[in-house]
There are 2 protein chains.
Amino acid sequence: MKQELHAMNDEKAVEIFKALSNQTRLNILQMLKDAETNFSAQAHVIKEADFEGGVCVSDIHKKTGTSQSTTSQYLSILLQSGLLESKRIGQWTYYRRNEEMIKQFYHYIGLNL
Amino acid sequence: MKQELHAMNDEKAVEIFKALSNQTRLNILQMLKDAETNFSAQAHVIKEADFEGGVCVSDIHKKTGTSQSTTSQYLSILLQSGLLESKRIGQWTYYRRNEEMIKQFYHYIGLNL
DNA sequence: TTTACATATCGGTAAATAACGATATGCCGA
DNA sequence: TCGGCATATCGTTATTTACCGATATGTAAA
């Protein structure tokens, strides 16, 4: 049974609002929406394992206009909020959108805002 | 012709995310969704003028658990973001939701997040 | 025209966030 | 096992936010 579609409370929503209350972090989420267009092919992810749409930190870093450390920080804020998910493959960490959480958030807005 | 339904850019969205990245401000917006239930009848607004659903600052203040000055500040942040609108009637300032902006924000999320 | 009340603004302090460079850690290939 | 790369973390400073109490402003009633 598909469940948990509306499993979001106000506290979680506030955490997501915080994550998105920064232009750079919003841009990252948006760029990952069309990863093929916005980033070069992620050779390792394709070879190695099932993590479709994942992009490594350095490629994201090149697009953000912030330092490597800031990019890493921002990615972990987005990860913590649940908007992104990550997978380590070799020396790379790949990040991609968590579409399920994004959908939940969208529904939350429709119902609770 | 009904227009402007998607007239929101990333910058405006970030401002709204900021406004909502605080539990108290989120609560205010939510309480105003059902003003009749959450607040006592607003006598003056009924008598005086067309501002259906408007609630005065002191009534909101009673529910927030923050000081009068903080409540006033938070209301002006929500006003500035466009999520609320206000009208001064006599010595009271009434605030209510701007449903049009909230709808625009919801659509923005659906399209751009 | 005082007085009382509703709201906004001011000035402050503590905490959180933004952002960086430097450094540590972890994983490979030589 | 050593060097090199990718990423994470640490330590820092500047800015913003979260609040508050005190005060100013504006309106209306006595």
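Just so it is clear: chains get the letters A, B, ... in the order the sequence lines come, proteins before strands, and each one is counted from 1. Keep in mind it's a predicted model, so treat the numbers as computed, not measured.
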Sugar-phosphate only, base, or nothing, as touched by Gln68(A) at under 4.0 Å among non-hydrogen atoms: base

base_contact_polar (dG21(D) base, Ser67(B) side chain, donor-acceptor, <3.5 Å): no

Sugar-phosphate, base or nothing in reach of Ser72(B), heavy atoms under 4.0 Å: base

Integer-rounded Å distance: dG26(D) C1' and Trp92(B) CH2: 13 Å

Pair Glu85(A)-Arg96(A), salt bridge (Lys or Arg N to Asp or Glu O under 4.0 Å): steps then yes or no: CA-CA 6 Å; Glu85(A) 51 194 4; Arg96(A) 70 176 178 192; 2.8 Å; yes

Rounded distance (Å) that lies between atom C1' of dA8(D) and atom CZ of Arg88(A): 8 Å

Atom pair distance, as rounded to whole Å: CD1 in Ile60(A) and C1' in dA6(D): 13 Å

Of Gln91(B) and Ser21(A), the one whose closest DNA chain C nucleotide lies more 5': Gln91(B)

Interatomic distance, Leu75(B) CG vs dA6(C) C1' [rounded to whole Å]: 13 Å

Side-chain H-bond candidate by donor/acceptor type, Asn27(B) with Thr64(B), under 3.5 Å: no

OP1 or OP2 of dA18(C) under 4.0 Å from side-chain N/O of Thr24(A): no

Nucleotide dT17(D), atom C1' - distance to CG of Leu26(B) in whole Å: 17 Å

Over 12 foreign heavy atoms within 6.0 Å of CD, Gln23(B): yes

Which nucleotide in dG21(D), dT27(D), dG21(C) has an atom nearest any side-chain atom of Ser69(B): dG21(D)

Of the listed nucleotides dT7(D), dA19(C), dA8(C), the one nearest the side chain of Tyr74(A): dA19(C)

N/O (side chain, Thr70(B)) to phosphate O (OP1/OP2, dC20(D)) under 4.0 Å: yes

Under-4.0 Å side-chain N/O to phosphate OP1/OP2 contact, Arg25(A) with dA18(C): yes

Asn22(A) side-chain N/O to dA18(C) phosphate OP1/OP2 under 4.0 Å: yes

Within the 6.0 Å centroid threshold, strictly below: Phe105(A) and Phe17(A): yes

Donor-acceptor side-chain pairing of Asn9(B) and Tyr108(B) below 3.5 angstrom: no

Sugar-phosphate, base or nothing in reach of Ser58(A), heavy atoms under 4.0 Å: sugar-phosphate

Interatomic distance, Ile77(A) CD1 vs dT7(D) C1' [rounded to whole Å]: 16 Å

Rounded distance (Å) that lies between atom C1' of dA8(D) and atom CD of Gln80(A): 15 Å

Sugar-phosphate, base or nothing in reach of Thr66(B), heavy atoms under 4.0 Å: sugar-phosphate

Nearest-Å distance for atom pair CD/C1', residues Gln73(A) and dT9(D): 8 Å

Any Tyr95(B) side-chain N or O less than 4.0 Å from OP1/OP2 of dA8(C): yes

Over 12 non-hydrogen atoms of neighbours within 6.0 angstrom of CD in Gln80(A): no

Short side-chain N/O contact from Tyr94(A) to OP1 or OP2 of dT7(D), under 4.0 Å: no

Residue whose nearest DNA chain C nucleotide is more 5′ - Gly65(A) or Lys18(A): Lys18(A)

